Structure formats: C-alpha cells, structure tokens
Amino acid sequence: MSSTAFGNFAIPHAMKMYANKTGINIIISDQPIQWSDKSVNLVIMMCFNKNERYMFNEIYEPITMILSESENVKKILTSKDYDEFIQNLVDLL
C-alpha cells in the first residue's frame with residue numbers, strides 16, 4: 001500500500017493480524033538495504049496475533065516516534081547484540 005521506510009529505518013507489518021503468535025524481528029545491517037526509494041540500515045519486522053492487536057499501537061507508534069530522530073537511530077545501529085539493542089532502546093524511552 002505504501003512504503004514502511006522512514007529515513008534510514010523500516011517497520012514492515014502485515015495489514016491483517018493473522019499471526020499465530022505476536023513477534024518482532026530486528027535486522028541491523030552494516031550495508032544499506034534498498035527499501036522502495038530509501039536506503040535503510042535498521043528493519044523492525046512486526047507481526048501480531050488478533051488477540052493482541054492492542055499491542056500494535058502500543059509498540060508501532062512509540063518506536064516510530066523514537067526512531068524519527070536520526071540520533072536515536074544512530075545509537076540503535078551501534079548495538080552489537082540483543083541485550084545492547086534493548087538497553088539502547090530503553091535508554092531512549
């Protein structure tokens with residue numbers, strides 16, 4: 001329908017909430033990934049179970065707002081592992 005890239009990050013998600021289990025997968029790439037008309041280094045893939053649809057707005061909007069600041073994306077991109085990613089994200093909240 002439209003690109004899910006914002007600056008140098010993308011948050012693709014399904015239009016319908018048909019996932020058996022809600023989940024999030026994070027990709028941090030040293031090399032830019034062509035995403036429609038943008039190049040992104042951070043991809044946050046989301047899927048939601050219909051019984052947990054309330055989580056979409058609780059997660060999608062806040063993370064988009066945080067990452068709309070380029071300095072925040074730069075900090076996230078320095079993450080070397082899961083724990084560091086979570087800590088960097090928590091520090092930005």
Side-chain angles (χ1 to χ4, degrees):
M1 305 228 32
S2 65
S3 177
T4 56
F6 309 90
N8 65 342
F9 71 96
I11 307 180
H13 58 282
M15 296 299 292
K16 304 260 184 190
M17 299 189 183
Y18 290 145
N20 291 330
K21 183 177 177 184
T22 296
I24 298 175
N25 192 17
I26 310 295
I27 298 171
I28 297 175
S29 177
D30 292 333
Q31 300 298 317
I33 301 165
Q34 193 62 39
W35 202 276
S36 193
D37 63 337
K38 301 199 182 329
S39 294
V40 301
N41 293 85
L42 174 64
V43 179
I44 302 174
M45 296 176 284
M46 299 182 181
C47 63
F48 294 88
N49 177 280
K50 65 181 178 181
N51 296 324
E52 297 175 320
R53 65 181 46 189
Y54 67 93
M55 292 176 71
F56 178 80
N57 288 334
E58 290 180 8
I59 294 172
Y60 185 83
E61 188 173 330
I63 205 158
T64 302
M65 295 301 290
I66 290 168
L67 296 176
S68 65
E69 298 289 331
S70 63
E71 290 302 314
N72 293 346
V73 175
K74 287 178 187 174
K75 182 171 183 169
I76 292 294
L77 291 175
T78 67
S79 303
K80 301 294 183 217
D81 57 31
Y82 172 81
D83 291 329
E84 189 174 349
F85 172 83
I86 295 299
Q87 187 58 56
N88 284 338
L89 190 58
V90 167
D91 289 348
L92 295 172
L93 294 175

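Keep in mind the model is a prediction, meaning the values are calculated, not measured.
Within the 4.5 Å cutoff, side-chain heavy atoms of L42 are placed close to those of I26. F9 has its side chain out of reach of I76: every pair of non-hydrogen atoms, C-beta onward, lies at least 4.5 Å apart.
Within 6.0 Å of CG in D81 there are more than 12 heavy atoms belonging to other residues, nucleotides or ligands. Heavy atoms of other residues, nucleotides or ligands lying less than 6.0 angstrom from CD of Q34 number more than 12.
There is a path of hydrophobic side-chain contacts, each under 4.5 Å, that joins V73 to I86. Residues Y54 and I11 share a hydrophobic cluster, clusters being chains of Ile/Leu/Val/Met/Phe/Trp/Tyr side chains in contact below 4.5 Å. Under the 4.5 Å side-chain contact rule for hydrophobic residues, L93 and L77 share a cluster. The hydrophobic cluster containing Y82 also contains V90, counting ILVMFWY residues as joined when their side-chain heavy atoms lie under 4.5 angstrom apart, directly or transitively.
Interatomic distance, T22 OG1 to F56 CZ, rounded to the nearest 0.5 Å: 11.5 Å. Once rounded to the nearest 0.5 Å, the distance linking CG of N88 with CD1 of I28 reads 8.5 Å. With values rounded to the nearest 0.5 angstrom, I33 atom CD1 is found 15.0 Å from K38 atom NZ. With rounding to the nearest 0.5 angstrom, the CD1 atom of I27 is 11.5 Å from the CG atom of N41. With rounding to the nearest 0.5 Å, the separation of CD in E69 from NZ in K75 is 13.5 Å. We find the CD1-CD1 distance between I24 and I44 to be 7.5 Å, quoted to the nearest 0.5 Å.
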Does L89 form a side chain to side chain contact (heavy atoms under 4.5 Å, CB included) with I63? I'd like the steps, not just the answer. CA-CA 9 Å; L89 190 58; I63 205 158; 4.2 Å; yes

Check against side chain to side chain donor-acceptor pair (under 3.5 Å), Q87 and D83: CA-CA 6 Å; Q87 187 58 56; D83 291 329; over 6 Å; no

For R53 and F48, what are the C-alpha separation, side-chain angles and deciding distance, and is it a side chain to side chain contact (heavy atoms under 4.5 Å, CB included)? CA-CA 6 Å; R53 65 181 46 189; F48 294 88; 5.8 Å; no

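Contact between N49 and N51 at its shortest, heavy atoms only, is OD1-N, 2.7 Å.
Under a 3.5 Å cut-off, the side chain of N25 and the backbone N or O of M45 do not form any donor-acceptor pair.
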